[in-house]
Amino acid sequence: MDTEIVRTFLEIVDCASFSRAAEKLHVAQTTVSARIRLLEERLGRPLLVRNKAGVSLTAAGEQFLRYAPTFLQLWERARHQVAVPPRRQAVLAIGGELSLWNPLLLNWLVYMRRTAPEIALRTQLGLPEDLTTQVVNGVLDIAVLYAPQYRPGLEVELLFEEKLVLVTTHPGPQESAESDYVYVDWGRDFALHHSQSFPDLGNPGLFVGLGPLALSYILEVGGSGYFRKRAVQLFLKTGALRLVPDAPEFSYPAYAIYGTNADPSLVRIALDGLRDASGTDQPKPPKKRRAAVKTTT
């Protein structure tokens, strides 16, 4: 199926208009209409209905909308895999949660550059559910997550155990004040342990769903909260933050997920690199190592 037809369908759904979709795609409206007619003919079902409000999806259109983005992602992945860049033997696609990017995935990129330069890399950040779906669909080779979903066709490996520690910008005994405590959403397990350890902090004035955002906030205006120990290590060394004495620490394991049909040689190189990168707080040259990879023909 022509990918431009699928892109046109998605653009119409996004704009709720044939004419606006044509403007965004820089084609004539007749071209847009012709593409949709061809798509509906191939699927044997009407997908879109024009009305006074614009455009609405039929039941078949709703179903096709579930698969259309994945279709395009797979096409892009296939295109990149076939078109391996010059002087590269293979392509590895990896995704990670936003809070994992620095320093873990940054260190991993340095590791891969030094130890496996023959592998081209594709990286992206995203939400856990989206990353998991992309691994299942073959769009990503590997995703690095804190709370993976166990699905058929997936392998899950523990990479390392993170620690969540309570830090503060306060130099004195004010670190437990509720007024500037920032609650960071580290998941259900953290919420359970946190409520048991801090029953008085169950309704904080600021609730943040992303660790790096909360960390930037307290560094800017002051306060305290739980963060990954690796992420705050530099600020602890410089004195911008300090550990709250006698505060409990909570375990926060990180996992790698990959498809059972993934190239095992590529997966092993990537996992070795992730484990190596997890042992460093700042990027540094890892020990040189080579591994055989499956070449693309």
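Ionic pairing of R20 and E23 is not present here: no N-O contact between side-chain nitrogen and carboxylate oxygen is shorter than 4.0 angstrom. Salt bridge E162/R228: present, at least one basic N to carboxylate O contact under 4.0 Å.
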D263 vs D141, side-chain contact (heavy atoms from CB on, under 4.5 Å): CA-CA, chis, key distance, verdict: CA-CA 8 Å; D263 182 342; D141 293 302; over 6 Å; no
Residues Y226, W186; criterion ring pair (Phe, Tyr, Trp, His ring centres under 6.0 Å); working and verdict: CA-CA 9 Å; Y226 268 93; W186 295 110; 9.3 Å; no
Trace of the salt bridge (charged side-chain N to carboxylate O under 4.0 Å, His left out) decision for E4 with R7: CA-CA 5 Å; E4 286 305 313; R7 293 184 196 278; 3.6 Å; yes
Evaluation steps, side-chain contact (heavy atoms from CB on, under 4.5 Å), between R45 and T58: CA-CA 9 Å; R45 301 285 296 278; T58 65; over 6 Å; no
Full working for side-chain contact (heavy atoms from CB on, under 4.5 Å) between M112 and L92: CA-CA 10 Å; M112 293 296 290; L92 175 67; 4.1 Å; yes
Trace of the side-chain contact (heavy atoms from CB on, under 4.5 Å) decision for V144 with W108: CA-CA 12 Å; V144 186; W108 179 80; over 6 Å; no
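Formation of a donor-acceptor pair under 3.5 Å by the T132 side chain with backbone atoms of Q149 is not found in this model. In this structure, the side chain of S278 engages the main chain of R275 through a donor-acceptor pair within 3.5 Å.
Side-chain contact between D189 and Y252 is absent, with no heavy-atom pair separated by less than 4.5 Å. Side-chain contact between Y150 and V156: present, with at least one pair of heavy atoms (C-beta onward) separated by less than 4.5 Å. Taking 4.5 Å as the limit, some side-chain heavy atom of L72 sits within range of a side-chain heavy atom of L10. By the 4.5 Å heavy-atom criterion applied to side chains, L48 and F18 are counted as neighbours. Residues I36 and L47 form no side-chain contact, since every pair of their non-hydrogen atoms from C-beta on lies 4.5 Å or further apart. Annotation: side chain of R42 is in contact with side chain of L38 (closest heavy-atom distance under 4.5 Å). The shortest distance between side-chain heavy atoms of L104 and R230 does not fall below 4.5 Å.
In the hydrophobic cluster analysis, where Ile, Leu, Val, Met, Phe, Trp and Tyr join through side-chain heavy atoms closer than 4.5 angstrom, V32 is grouped apart from V49. Taking hydrophobic clusters as Ile, Leu, Val, Met, Phe, Trp and Tyr residues chained together by side-chain heavy-atom distances below 4.5 Å, V136 does not share a cluster with L127.
Residue E97 holds its CD atom at 10.0 Å from CG of L105, rounded to the nearest 0.5 Å. Note that CG of L206 and OH of Y217 are 5.5 Å apart. Values are rounded to the nearest 0.5 Å. The line from CG of L125 to CD1 of I94 is 10.5 Å long, rounded to the nearest 0.5 Å. Taken from CZ in R122 to CG in L140, the straight-line distance is 7.0 Å, to the nearest 0.5 Å. In this structure, K229 NZ and L164 CG are separated by 11.5 Å, a value rounded to the nearest 0.5 Å. From D276, atom CG reaches atom CZ of R114 across 11.5 Å, with rounding to the nearest 0.5 Å.
Partners of T169 according to the side chain to side chain contact (heavy atoms under 4.5 Å, CB included) rule, which considers only residues two or more places apart in sequence or in another chain, are L241. Judged as a side chain to side chain contact (heavy atoms under 4.5 Å, CB included), and not counting sequence neighbours, the contacts of E155 are Y258, T260. By the side chain to side chain contact (heavy atoms under 4.5 Å, CB included) test, L243 pairs with V165, V167, L236, sequence neighbours left out. With sequence neighbours left out, E161 forms a side chain to side chain contact (heavy atoms under 4.5 Å, CB included) with L158, S251, P253.
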Distance-only criterion, 3.5 Å: show the donor-acceptor pairs between side-chain atoms of residues 190-199 and protein atoms not counting sequence neighbours.
| unit_1 | atom_1 | unit_2 | atom_2 | d |
| --- | --- | --- | --- | --- |
| H194 | NE2 | Y181 | OH | 2.7 |
| S195 | OG | A191 | O | 3.2 |
| S195 | OG | L192 | O | 2.8 |
| S197 | OG | H193 | O | 3.1 |

For residues 59-70, dump all side-chain donor-acceptor pairs below 3.5 Å to protein atoms at least two apart in sequence or in another chain.
| unit_1 | atom_1 | unit_2 | atom_2 | d |
| --- | --- | --- | --- | --- |
| Q63 | OE1 | R66 | NH1 | 3.1 |

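The shortest non-hydrogen separation linking I142 to A256 is CG2-CB, 4.2 Å. L219 approaches A240 most closely through the heavy-atom pair CD2-CB, 4.2 Å. Of all heavy-atom pairs spanning A143 and V135, the tightest one is CB-CG2, 3.7 Å. Heavy-atom minimum distance, S56 versus N51: OG-ND2, 3.2 Å. Nearest heavy-atom pair across L145 and P128 is CD2-CA, 3.9 Å. Listed here is the closest heavy atom pair of P248 and F250: CG-CZ, 4.0 Å.
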